[in-house]
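Here is the structure we will look at, set down as structure tokens.
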Amino acid sequence: MSTQALIDGLNEALNRELSAVIRYLLQGSTIRGRRNQPLRKMYRDEVRDEISHAQYLVDKIAMLGGTPKVDPDVTPPPANVEKIIENDLAKEESDITHYKKLAQLAEQIGDIELKMQMEEQAADESRHADELRRMKD
Ligand SMILES: [Fe+2]
Ligand SMILES: [Fe+2]
């Protein structure tokens, strides 16, 4: 496994995180309705987690001698709250899968710090997915 393959995987994760930051930032401000206030608060809280994930990834890419490639998905959030939740749940679940893959790559090259951090971020996304499931009707 080459360092470049690892850098590519970290860049993919970085862009997933930046996309989540943009979505959660928008959704935390634009979701309306009294009964949707807990959902709005959840997005406002989680945007900080996603920023710290992105911060770790960009640091690691730079430390490995890679170039951070910033290309987030800026598709506007769905109009309907149920669709917003489904969309984010699917993305959190694929983030978990991607972090597990990165943890395996890190283990193969003996980078125990990266392995543990990828597992930690997978655990954070798993908690985010659980929160989203609780918000479903
Ligand atoms: Fe994240
Ligand atoms: Fe997340």
Side-chain angles (χ1 to χ4, degrees):
M1 213 270 308
S2 70
T3 307
Q4 192 53 50
L6 180 61
I7 290 168
D8 291 346
L10 292 168
N11 259 317
E12 186 184 334
L14 173 63
N15 284 291
R16 287 168 170 275
E17 293 294 348
L18 294 174
S19 305
V21 167
I22 294 165
R23 280 198 320 282
Y24 292 3
L25 187 68
L26 291 173
Q27 290 164 189
S29 293
T30 58
I31 288 171
R32 315 290 293 198
R34 192 175 36 203
R35 62 189 283 275
N36 292 327
Q37 291 311 301
L39 181 64
R40 189 171 155 265
K41 185 182 181 303
M42 185 202 73
Y43 285 124
R44 297 175 79 89
D45 292 343
E46 289 184 3
V47 79
R48 290 185 206 98
D49 293 345
E50 312 302 19
I51 287 171
S52 78
H53 294 165
Q55 179 73 75
Y56 174 84
L57 292 162
V58 79
D59 281 344
K60 190 73 188 183
I61 291 163
M63 219 142 65
L64 289 168
T67 303
K69 293 211 172 70
V70 175
D71 183 25
D73 179 359
V74 293
T75 309
N80 156 303
V81 164
E82 293 309 312
K83 287 216 171 67
I84 285 176
I85 294 172
E86 286 301 332
N87 183 44
D88 291 332
L89 189 51
K91 286 182 159 66
E92 292 284 358
E93 281 169 348
S94 59
D95 289 346
I96 295 165
T97 305
H98 189 61
Y99 280 133
K100 284 181 180 168
K101 203 175 83 186
L102 285 172
Q104 283 174 352
L105 289 179
E107 178 152 45
Q108 282 168 26
I109 60 162
D111 188 336
I112 200 70
E113 185 269 339
L114 178 60
K115 175 183 183 272
M116 289 179 72
Q117 185 68 29
M118 293 299 91
E119 287 174 346
E120 187 72 35
Q121 294 190 187
D124 289 343
E125 311 307 10
S126 177
R127 188 170 44 78
H128 294 167
D130 283 345
E131 287 297 316
L132 284 161
R133 279 186 203 98
R134 280 190 199 98
M135 294 289 175
K136 287 211 280 191
D137 280 336

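It should be emphasised that the depicted structure is a prediction, and the values quoted were computed from it without experimental measurement. All ligand and atom numbering here is 1-based and tracks the order in the structure.
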- Item | Angular separation of ND1 (His128) and OE2 (Glu50) seen from the Fe ion (ligand 2), to 10° |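 Between ND1 of His128 and OE2 of Glu50, the angle at the Fe ion (ligand 2) is about 100°.
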- Query: Counting distance only, does the side-chain N/O of Asn15 pair as donor-acceptor with the main-chain N or O of Lys69 below 3.5 Å?
  - Reply: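 A pair under 3.5 Å: yes.
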- Message: Asp111: which residues meet the side-chain hydrogen bond (donor to acceptor under 3.5 Å, both in side chains) condition with it, sequence neighbours left out?
- Response: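 Asp111 satisfies side-chain hydrogen bond (donor to acceptor under 3.5 Å, both in side chains) with Lys60 once adjacent residues are dropped.
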- Query: Side chains of Glu131 and His128: donor-acceptor distance under 3.5 Å anywhere?
  - Reply: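 His128 and Glu131 do not have a side-chain donor-acceptor pair below 3.5 Å.
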- Which is the closest N/O/S atom of His53 when seen from the Fe ion (ligand 1)?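 For His53, the N, O or S atom at the smallest distance from the Fe ion (ligand 1) is ND1.
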- Strictly under 2.8 Å, is any N, O or S atom of Glu92 next to the Fe ion (ligand 2)?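 Here the distance criterion (N, O or S atom, under 2.8 Å) is met by Glu92, so yes.
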- Item | For Val81 against Leu39, the heavy-atom pair lying closest together |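 In terms of heavy atoms, the two residues are closest at CG1-CD2, 3.5 Å.
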- For the Fe ion (ligand 2), which N, O or S atom of Glu125 is at the shortest distance?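 For Glu125, the N, O or S atom at the smallest distance from the Fe ion (ligand 2) is OE1.
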- Short N/O/S contact of Asp124 with the Fe ion (ligand 1) (below 2.8 Å):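 Here the distance criterion (N, O or S atom, under 2.8 Å) is not met by Asp124, so no.
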- Mark yes when over 12 heavy atoms from residues, nucleotides or ligands other than Glu12 sit less than 6.0 Å from its CD; otherwise mark no.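 It does: Glu12 CD has more than 12 such atoms within range.
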